[in-house]
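Notes follow the structure.
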Protein chains: 2
Amino acid sequence: MSSSGGVVRRSLLDDLAASMLALIADRKLSSGDQFESVRSLADRFKVAVPTVREALRRLEATGAVELRHGSGVYVGPHVGRLVLANPLAPTPSADRLVELLQARALIEPPVAAVAARVRTEAALQQMERDLAAAAELVETGDHAGLAEVNMDFHRSLAQASGNATLAEVVESVTVVNVREQLEILHIHGDRQTDLDEHRAIHAAVLAGDSELAERLTREHLDGVLAVINERVNPPQDPSTP
Amino acid sequence: MSSSGGVVRRSLLDDLAASMLALIADRKLSSGDQFESVRSLADRFKVAVPTVREALRRLEATGAVELRHGSGVYVGPHVGRLVLANPLAPTPSADRLVELLQARALIEPPVAAVAARVRTEAALQQMERDLAAAAELVETGDHAGLAEVNMDFHRSLAQASGNATLAEVVESVTVVNVREQLEILHIHGDRQTDLDEHRAIHAAVLAGDSELAERLTREHLDGVLAVINERVNPPQDPSTP
DNA sequence: AATGACCAAGTGATCTGATCATTTTCATGT
DNA sequence: ACATGAAAATGATCAGATCACTTGGTCATT
């Protein structure tokens with residue numbers, strides 16, 4: 001009988017996917033490295049090509065690998081992550097958007113506080129680059145690009161906490177789909193204000209003032225949330241019930 | 001030409017996966033419902049069986065569908081989610097485990113506070129069921145089962161916040177892999193104490209005392225974190241450098 | 001009538017082998 | 001040195017076949 005007590009039922013595919021991940025780990029491959037061709041994998045594991053491809057699709061779905069037509073199989077950007085944004089998630093509804101922002105307003109301020117205490121060097125520099133890029137895009141009026149860079153800032157802030165799991169959580173809730181949704185709803189805060197607030201947060205983190213960083217981040221996200229709430233749930237006029 | 005203005009480069013597989021999700025949405029299928037056979041899908045979309053299977057594997061990886069051998073294709077438990085735990089994640093290292101707990105200790109207390117304000121009815125009842133199950137398992141000494149039910153309690157707590165995104169985040173960071181890791185490290189807090197603390201949190205939420213719920217949750221998780229930290233980073237003895 | 005063994009249809013899992021499409025490489029010619 | 005274009009490597013898709021598992025019904029046994 002099985003020694004682990006568990007059922008040995010794992011399908012060929014489960015084994016395959018696990019083996020391929022193990023292979024990547026053994027070779028110490030990391031994001032962007034080329035892996036191995038589909039055919040050679042099929043040969044190595046003594047299975048047919050379509051089977052290998054199914055296993056690869058599974059890995060691909062979580063960002064563990066990438067399949068580039070005509071080029072090869074590569075290690076993906078999310079290999080080894082614990083929490084991810086659902087890559088198949090549809091553009092969220094307005095309600096879901098509010099929920100998402102509420103979640104961020106709850107999670108990110110404490111993360112900023114930690115970031116101010118830890119201050120990972122690389123992340124600080126990344127924040128500065130994000131701010132510079134944002135300033136540039138405010139000038140040129142590239143609103144779509146600006147929205148992305150602003151998200152990048154929040155992710156870099158989370159990186160500064162030095163906690164990879166926290167960074168993954170924040171990255172997961174700062175998904176880009178949201179940008180589309182914001183544009184659909186024609187929600188735009190004052191872009192210069194956003195930039196100023198981001199700069200203030202960065203300064204607080206740089207100074208190691210965790211309380212200030214937390215408060216500024218909370219105020220910033222609450223502000224965004226207020227704008228969105230106003231759009232999604234227009235304030236009731238008491239005179240017209 | 002394309003009406004959406006986006007790049008039309010999406011591969012056949014992207015279209016397939018998206019179409020199948022749309023089909024599920026159109027039919028208003030939800031978790032557990034039977035979908036459609038692989039062969040009929042291949043027929044419907046005029047593609048070969050292996051292609052359909054690749055697309056299904058992609059959906060399967062995010063919990064959008066399930067393939068049951070000999071039975072059929074079913075809608076999965078995570079369809080429509082925004083944030084998920086990486087289903088392919090390896091059992092985390094000790095360091096990663098500490099990070100994960102730190103993240104939970106940061107995120108869950110404010111969630112508990114919201115839960116105490118909102119108090120979703122169904123979630124409250126679920127918490128009670130979890131507590132009852134936990135009490136049972138404390139008696140029978142089923143430690144593995146107990147660890148799972150304790151995780152369930154934290155998930156139910158997050159559910160009570162009424163914010164699906166928050167619940168998804170909490171579920172993602174309360175992955176079961178951690179149980180294995182805890183057992184590997186032989187980390188066990190006092191099980192009766194855990195149960196008592198969970199009961200106290202539940203009571204605070206039930207009473208709508210958000211400050212208390214937050215504090216209790218924080219103390220609870222900090223306690224767990226302290227135990228783990230002690231194991232992973234044994235306190236330095238100054239007399240033996 | 002209830003139970004259990006057995007069979008058959010439906011369905012997923014895997015294989016084989018081929019062909020098409022894209023990328024990359026590299027020899028060739030200017 | 002550079003541009004060109006063929007050739008090789010590689011992923012994408014197809015077609016059809018066979019194996020394995022689940023399920024529901026049949027039928028004999030109790």
Side-chain angles (χ1 to χ4, degrees), chain A residues 2 6-21 23-24 27 29 31-77 79 87-88, chain B residues 7-21 23-24 27 29 31-77 79 87-88:
Chain A
S2 155
V7 188
V8 203
R9 280 255 185 130
R10 294 168 59 209
S11 81
L12 179 53
L13 223 71
D14 295 333
D15 290 337
L16 246 190
S19 298
M20 295 196 301
L21 278 181
L23 200 56
I24 289 175
R27 294 183 185 170
L29 300 180
S31 188
D33 293 343
Q34 184 156 12
F35 186 34
E36 205 171 314
S37 81
V38 171
R39 288 170 177 87
S40 111
L41 285 169
D43 196 56
R44 168 190 300 276
F45 292 110
K46 305 274 190 278
V47 295
V49 167
T51 308
V52 169
R53 290 181 61 80
E54 282 188 36
L56 285 173
R57 287 299 180 195
R58 174 184 289 185
L59 300 193
E60 184 201 44
T62 63
V65 304
E66 270 180 21
L67 282 76
R68 301 186 199 154
H69 194 170
S71 178
V73 180
Y74 297 80
V75 177
V79 65
L88 280 53
Chain B
V7 186
V8 204
R9 263 240 195 160
R10 294 167 59 206
S11 81
L12 177 52
L13 224 70
D14 295 334
D15 290 337
L16 247 188
S19 299
M20 297 197 300
L21 278 182
L23 201 54
I24 288 174
R27 295 184 184 169
L29 300 180
S31 189
D33 293 344
Q34 185 157 11
F35 186 34
E36 204 171 317
S37 81
V38 170
R39 287 171 177 89
S40 111
L41 285 168
D43 196 55
R44 169 190 299 277
F45 292 112
K46 304 274 189 274
V47 296
V49 167
T51 308
V52 169
R53 291 183 60 81
E54 282 187 37
L56 284 173
R57 287 299 178 194
R58 174 183 289 186
L59 300 192
E60 184 201 42
T62 65
V65 303
E66 271 180 20
L67 283 75
R68 300 187 199 155
H69 193 170
S71 179
V73 180
Y74 297 80
V75 177
V79 65
L88 282 53

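Labels below follow one simple rule: chain letters A, B, ... track the order of the sequence lines, proteins then strands, and each chain is numbered from 1.
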Base-contact (B) and sugar-phosphate-only (S) positions in nucleotides 10-15 of chain D, heavy-atom cut-off under 4.0 Å, - elsewhere: BBBBB-
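- Not counting sequence neighbours, Ser19(B) has no partner by the side chain to side chain donor-acceptor pair (under 3.5 Å) test.
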Would you be so kind as to tabulate the donor-acceptor pairs closer than 3.5 Å made by side chains of residues 43-50 of chain A, with sequence neighbours excluded?
residue  : atom : partner  : partner atom : Å
Arg44(A) : NE   : Glu36(A) : OE2          : 3.1
Arg44(A) : NH2  : Glu36(A) : OE1          : 3.2
Arg44(A) : NH2  : Glu36(A) : OE2          : 3.3

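- Between Leu13(B) and Arg57(A), the shortest heavy-atom contact is CD2-NE, 3.0 Å.
- With sequence neighbours excluded, the residues satisfying salt bridge (charged side-chain N to carboxylate O under 4.0 Å, His left out) with Arg53(B) are Glu54(A).
- Residues that satisfy the side chain to side chain contact (heavy atoms under 4.5 Å, CB included) test with Pro77(A), not counting sequence neighbours, are Ser31(A), Glu66(A).
- When rounded to the nearest whole Å, the span between OH of Tyr74(A) and P of dA9(D) equals 15 Å.
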